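Because the structure is a prediction, the values reported are computed rather than measured.
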Amino acid sequence: MKRPVQALLLALTGTGLLHTALITDIYLRYVKAGLRPLLIASGAVLLLLGLAAAITRRPAQEDPGHAHGHDIAGDAHGHDHSATPRIAWLLFLPALSLLLHAPPALGAYTAARSNDKPVAVQKGFAPLPATSPLPLTLTDFTKRVQQDRSRAVKNRAVRLTGFVTPAGEDGGWYLTRIIFSCCAADSQTVKVRVYGSEAPPADTWLAVTGTWHPRGTLGTRTAEAALDVRDVRPVAPPVNAYTDDLPLTPS
């Protein structure tokens with residue numbers, strides 16, 4: 001690959017990283033928020049390298065006789081070895097996508113095929129506040145259903161937020177959150193089955209209010225993490241879409 005092309009590729013990639021991490025929150029589709037400083041630093045380094053490569057002079061020319069030998073060999077085989085291979089231009093596609101059309105966020109397609117995040121064992125539970133409906137994360141709701149021996153969630157109206165993942169051919173669906181441990185490559189899911197409502201379109205973000213759907217023994221692993229719907233409301237995707245925290249909305 002020729003030096004000017006290398007310089008342009010480095011500069012475009014660096015600019016794309018800086019654009020996604022500084023000007024937008026698109027980077028949250030691919031990595032955790034804590035990695036933002038590293039993305040900014042990486043983008044700055046790549047941009048500086050590209051600019052440096054563009055303005056620095058080329059190394060001294062080869063010995064004329066040696067270069068002439070290369071020309072003869074290249075002509076004999078009918079190839080120009082100084083040209084940029086066509087396939088190398090494909091390297092520009094990821095760089096341009098960061099600037100012009102970022103890859104879509106992970107959603108129902110990924111959730112249906114990724115591993116469910118194991119719910120950690122919790123030994124003790126604090127009393128639930130009297131708020132109704134009670135906002136809970138999908139993980140906290142699952143813990144209460146399967147581990148809380150006091151059965152504090154029985155008949156309690158809770159509000160869960162996530163996106164729709166179809167459950168299969170029976171027409172059911174899950175309220176879902178995708179969780180990044182580091183980045184999209186290690187994503188896992190947490191799901192709560194929803195009963196009493198027809199499946200909305202996949203990837204629709206919803207705030208669902210309801211009560212625990214009685215299946216299994218509440219407070220034990222036999223209990224299903226499931227909800228009987230009372231109210232379903234569309235919501236905008238939260239800022240922290242790839243955590244299982246209570247949703248944050250743009251200020």
Side-chain angles (χ1 to χ4, degrees), residues 20 25-33 35 93-94 97-98 101-122 135-147 153 158-216 220-249:
T20 57
D25 59 6
I26 292 175
Y27 74 98
L28 292 173
R29 298 180 183 180
Y30 320 116
V31 299
K32 294 186 70 172
L35 295 179
L93 295 180
S97 71
L98 291 174
H101 182 69
L106 301 185
Y109 180 86
T110 301
R113 291 159 179 80
S114 64
N115 297 323
D116 290 343
K117 183 176 178 63
V119 177
V121 175
Q122 184 169 328
L136 288 177
T137 68
L138 274 61
T139 298
D140 286 341
F141 177 74
T142 301
K143 286 182 179 180
R144 289 283 183 173
V145 167
Q146 297 182 344
Q147 301 178 31
V153 294
V158 298
R159 183 171 66 243
L160 310 179
T161 303
F163 63 86
V164 176
T165 299
E169 296 180 357
D170 62 356
W173 57 285
Y174 293 98
L175 196 65
T176 311
R177 295 294 289 262
I178 291 179
I179 304 169
F180 289 173
S181 296
C182 172
C183 58
D186 62 13
S187 63
Q188 294 179 304
T189 63
V190 57
K191 302 174 186 174
V192 171
R193 182 67 185 260
V194 178
Y195 293 93
S197 173
E198 292 186 3
D203 294 318
T204 304
W205 277 87
L206 302 172
V208 179
T209 301
T211 55
W212 175 64
H213 176 79
R215 175 171 292 184
T220 72
R221 292 287 184 179
T222 65
E224 182 183 24
L227 206 66
D228 282 327
V229 172
R230 292 184 180 178
D231 181 65
V232 177
R233 297 184 182 183
V235 295
V239 173
N240 56 335
Y242 297 104
T243 67
D244 190 29
D245 301 321
L246 292 178
L248 299 176
T249 56

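Annotation: side chain of R193 is not in contact with side chain of H213 (no heavy-atom distance under 4.5 Å). Counting only heavy atoms from C-beta outward, the side chains of V119 and Q147 approach each other to under 4.5 Å. Using a 4.5 Å heavy-atom threshold, the side chains of K191 and R177 count as separate. At a threshold of 4.5 Å between non-hydrogen side-chain atoms, the residues W173 and S197 count as touching. Taking the side chain as every heavy atom from C-beta outward, L227 and F141 approach each other to under 4.5 Å.
Separating the OG1 atom in T161 from the CG atom in L136 is a distance of 10.0 Å, to the nearest 0.5 Å. To the nearest 0.5 Å, atom OG1 of residue T189 and atom CG of residue D116 are 4.0 Å apart. Interatomic distance, CG of N240 versus CG of L246, reported as 8.5 Å (0.5 Å rounding). To the nearest 0.5 Å, the span separating CG on L160 from CG on L175 amounts to 6.0 Å. How far CH2 of W212 is from CD of E224: 9.0 Å, rounded to the nearest 0.5 Å. Interatomic distance, OH of Y174 versus CG of L138, reported as 12.5 Å (0.5 Å rounding).
Within a 6.0 Å sphere centred on OH of Y195, heavy atoms belonging to other residues, nucleotides or ligands number more than 12.
For the pair T176 and A111, the tightest heavy-atom approach, listed with the atom from each and the gap, is CG2-CB, 3.8 Å. Taking both residues in full, the closest heavy atoms of G172 and A199 are given as O-CB, 4.4 Å, listed atom of the first, atom of the second, then distance.
With sequence neighbours excluded, the residues satisfying salt bridge (charged side-chain N to carboxylate O under 4.0 Å, His left out) with R233 are D231. Shown here are the side chain to side chain donor-acceptor pair (under 3.5 Å) partners of T110, two or more places apart in sequence or in another chain: there are none.
With no hydrogens or angles considered, no side-chain donor-acceptor pair links T137 and T139 at under 3.5 Å.
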For residues 200-210, which side-chain donor-acceptor pairs fall under 3.5 Å, sequence neighbours excluded?
| residue | atom | partner | partner atom | Å |
| --- | --- | --- | --- | --- |
| D203 | OD1 | A108 | N | 2.5 |
| T204 | OG1 | P201 | O | 2.7 |

